[in-house]
Novice: 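Just dropping this structure here.
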Amino acid sequence: MSDFPPEIDVDVAVIGAGSAGLVAFHQARKHTERVVLIEGGPYGTTCARVGCMPSKLLISAAEAAHSAQHAGRFGVHAETVRIDGKAVMERVRRERDRFVGFVLDSVDKIPSEQKIQGMARFDGPNRLIVENGPRINAERIVIATGSRTNVVRFLQGAGRRLVTNDDVFDWTDLPESVAVFGPGVIGLEIGQALSRLGVRVRMFGVGGFVGPIQDPEILKIARETFNLEFPLDADAETTAVKETEDGVEVSFCDNDGNQVTETFEYLLAATGRRPNVDGLALQNSGLALDDRGVPEFDRYTLRCGDSSIFIAGDVNNELPLLHEAADEGRIAGANAGRYPEVETGTRRAPISVVFTDPQIAAVGLTIQQTDERCRGCFAVGSVNFENQGRSRVIGKNRGLLRVYGEHGTGRFMGAEMFGPAAEHIAHLLAWAAQQRMDVNEMLEMPFYHPVIEEGLRTALRDLHDQLKLGPESPDECMDCGPGT
Ligand SMILES: Cc1cc2nc3c(=O)[nH]c(=O)nc-3n(C[C@H](O)[C@H](O)[C@H](O)COP(=O)(O)OP(=O)(O)OC[C@H]3O[C@@H](n4cnc5c(N)ncnc54)[C@H](O)[C@@H]3O)c2cc1C
């Protein structure tokens with residue numbers, strides 16, 4: 001039951017108390033106190049409850065198991081690793097709850113008259129109805145309702161055996177086996193982690209995609225490498241998914257063209273995310289919608305058309321990443337607060353990381369976007385990590401980095417990587433992209449020895465040579481030579 005009167009008037013209503021909504025709420029409050037934050041689900045944010053943080057906790061357990069099992073190459077033998085599934089999941093839940101607790105503490109600090117619980121929907125361009133709550137006349141509105149797993153109909157056959165990331169981190173033990181549908185970011189991260197924790201995993205994709213990878217060379221090495229650990233068919237022919245007494249049966253065509261049926265304890269649907277727009281009755285908002293039903297908006301102001309409605313985070317279906325949701329919440333909330341004055345906000349250089357092993361990273365423009373932007377006048381520099389000094393030292397010498405630069409200007413355009421420490425290399429590259437550095441400027445930066453970043457230098461030197469920006473670079477083998 002709501003403590004609010006049946007109808008209230010506010011300057012700003014923020015729908016959704018996730019990462020984008022919370023930031024938007026606090027930004028709007030810098031301009032007016034007449035702000036309300038509406039949340040229809042549990043507080044705590046997707047990131048902390050069922051997203052970024054618990055997935056990384058599971059991955060950390062998997063990494064510990066994998067390192068121990070593969071220590072033999074260093075002459076250290078710990079092959080008989082025992083994985084206590086209950087303890088693994090207990091730590092995941094405990095640490096997850098801790099992260100969620102921080103969010104709940106900050107929500108607690110919001111005055112109760114500014115928090116409304118219930119699902120909101122539009123009843124007019126500036127009017128909202130909250131389920132079991134008040135009607136709200138809001139001069140300005142921020143839509144920050146996030147996204148959810150898009151479970152394709154075909155997978156519904158798994159019945160009670162169908163799980164999504166919303167379920168996995170509440171498990172009290174590890175299952176015996178999981179069929180993962182969707183080798184995107186979420187499927188790859190959770191699937192590989194489960195596999196390394198001793199769960200039998202098979203991964204099914206469509207269209208050949210693996211994570212966010214767009215560069216065909218990177219895609220090839222990623223597919224081959226993951227397949228050394230667990231079967232991943234990025235373009236699978238699955239014919240049936242059926243719940244049985246024992247689990248879920250998946251029928252598919254294997255690599256030799258044979259029809260196979262394999263039973264799994266669970267089927268994890270990681271088949272993309274869909275923006276939470278369907279419950280918002282956007283037809284009453286007066287906004288122009290795109291073909292997915294998402295309001296059209298300006299990515300620099302987050303304003304929808306010329307309305308006083310703004311849209312931030314996963315719901316706008318542009319960049320479903322935590323730091324982007326926070327940035328967008330900041331821009332949308334500030335604009336809603338100061339409306340009718342609307343300002344553009346800073347958008348950062350694109351960066352994304354997938355926490356598999358090897359990690360996947362993408363920075364700046366994709367190879368296809370680089371081709372388009374440079375009208376074909378670009379070059380690619382690369383490094384294979386097999387013989388990269390530091391990577392070999394730590395036994396993580398697998399993967400490829402490809403960097404793209406423009407002919408003529410020598411400007412760094414973007415990069416894709418599948419390899420060791422990609423989360424760190426990606427940051428160096430993103431900072432360079434945002435500073436609009438050219439390849440020579442990047443090569444003037446310091447590189448310590450022996451570090452994985454020397455591999456980045458090799459790729460940049462290769463790019464430098466391909467772009468003919470000056471005298472040829474020294475041989476690649478100097479990468480691991482002393483004092484180069
Ligand atoms: C498994 C997983 C792993 C991830 N890992 C990473 C990572 O490593 N790095 C990274 O950058 N990103 C990662 N992400 C993505 C990141 O979590 C999201 O981009 C981010 O959480 C989106 O925040 P948001 O505020 O848009 O949405 P949310 O945090 O989902 O908030 C939306 C809120 O709106 C509420 N809501 C919905 N509809 C209504 C309504 N009608 N009325 C009222 N309230 C409503 C929901 O209940 C929810 O609380 C991951 C996501 C997942 C699922």
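Start at 1 and go down the list; that is how both ligands and their atoms are numbered.
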Novice: May I ask you to identify, for I186, whether its side chain, its backbone, both or neither come under 4.0 Å of ligand 1 on a heavy-atom basis?
Specialist: side chain
Novice: Under 4.0 Å between a Lys/Arg side-chain N and an Asp/Glu carboxylate O for R200 and E262?
Specialist: yes
Novice: Taking the non-hydrogen atoms of G118, is any one of them nearer than 4.0 angstrom to ligand 1?
Specialist: yes
Novice: Ignoring angles and geometry beyond distance, decide whether A120 reaches within less than 3.5 Å of ligand 1 through its nitrogen or oxygen atoms.
Specialist: yes
Novice: Report, in ascending order of atom number, the atoms of ligand 1 lying under 4.0 Å from any heavy atom of L280.
Specialist: 41 (N)
Novice: Can the ring centroids of F154 and F204 be said to lie less than 6.0 angstrom from one another?
Specialist: no
Novice: Can you tell which part of R273 has a heavy atom less than 4.0 Å from ligand 1: side chain, backbone, both or neither?
Specialist: side chain
Novice: Would you say E328 touches ligand 1, if touching means a heavy atom closer than 4.0 Å?
Specialist: no
Novice: How far is atom 25 (O) of ligand 1 from its nearest protein heavy atom, and which residue and atom is that?
Specialist: A20 N, 2.9 Å
Novice: Going by distance alone, is a donor N or O of one side chain under 3.5 Å from an acceptor N or O of the other, for E328 and N316?
Specialist: yes
Novice: Out of D166, D314, T46, T164, who gets a non-hydrogen atom closest to atom 22 (C) of ligand 1?
Specialist: D314
Novice: Which residue and atom name correspond to the protein heavy atom nearest atom 47 (O) of ligand 1, and how close is it?
Specialist: E39 OE2, 2.5 Å
